[in-house]
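Notes follow the structure.
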Amino acid sequence: MHDDLQAAIESLVEEYDRQVREVHEAHARLSEVTATVSDGDVTVTAGPQGRIDEIVFHPRVYGRLSPTELARAVKEQIARAQAEVAERSQEIMAPLMPEGLDAEDPAGGAFDLGALLPDPPVRPASGRHGREDRR
């Protein structure tokens, strides 16, 4: 029976370690998510959590668009790039989300990935009858 308990504990520890690895891998992937979108006049690159990393204007844009139109084009491309980053982030997180928790929450950046980790398994104390030796 002791061997069965030890095997069950080892199995729990292995499962815990696997889940920790998956969360760390997801975190690394989330930190690399980017999206670049363009309408031909304005190109926007968004990074992790929708951070805007770059805005590039095609040279012809200054003669074609009024300042108001250019501002609108920039805002539209920013929104598209951020939406794409959010979607990719949700795809990364979805397999890790506990049932009933929406993958949209972590994409917003205010989510603690550590909350996805299970509680560490408790190893039984070594000693007689499962109690710690007290010397």
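The line from CG of L70 to NZ of K75 is 12.0 Å long, rounded to the nearest 0.5 Å. Put simply, CG on D17 and CG on L12 are 11.0 Å apart, with the number rounded to the nearest 0.5 Å. To the nearest 0.5 angstrom, R29 atom CZ is 9.5 Å from E32 atom CD. How far CG of D53 is from OG1 of T45: 7.0 Å, rounded to the nearest 0.5 Å.
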request  = Might you work through the salt bridge (Lys or Arg N to Asp or Glu O under 4.0 Å) test for E84 and R88, ending with a clear yes or no?
outcome  = CA-CA 6 Å; E84 201 168 307; R88 290 179 185 170; 2.5 Å; yes
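Here the closest non-hydrogen pair linking A46 and V85 is O-CG2, 3.6 Å. Of all heavy-atom pairs between T34 and G47, the closest is CG2-CA, 4.1 Å. Annotation for D39 and R80: closest pair N-NH1, 4.5 Å, computed over non-hydrogen atoms. Residues R64 and E69 approach most closely at O-OE1, 4.0 Å, considering heavy atoms.
When atom types are taken as modelled, the side chain of Q82 and the backbone of G50 share a donor-acceptor pair closer than 3.5 angstrom.
Under the side chain to side chain donor-acceptor pair (under 3.5 Å) criterion, E22 pairs with R18, sequence neighbours left out. Judged as a side chain to side chain donor-acceptor pair (under 3.5 Å), and not counting sequence neighbours, the contacts of E10 are Q6.
Residue I78 is grouped with residue V61 when hydrophobic side chains (ILVMFWY) are merged at heavy-atom distances under 4.5 angstrom, including chains of intermediate members.
Checked against V56 for a side-chain contact (heavy atoms from CB on, under 4.5 Å), the options T43, V44, T36 give a single hit: T43.
D41 has its side chain out of reach of F57: every pair of non-hydrogen atoms, C-beta onward, lies at least 4.5 Å apart. Side-chain atoms of H27 and V23, non-hydrogen and from C-beta on, never get closer than 4.5 Å to each other.
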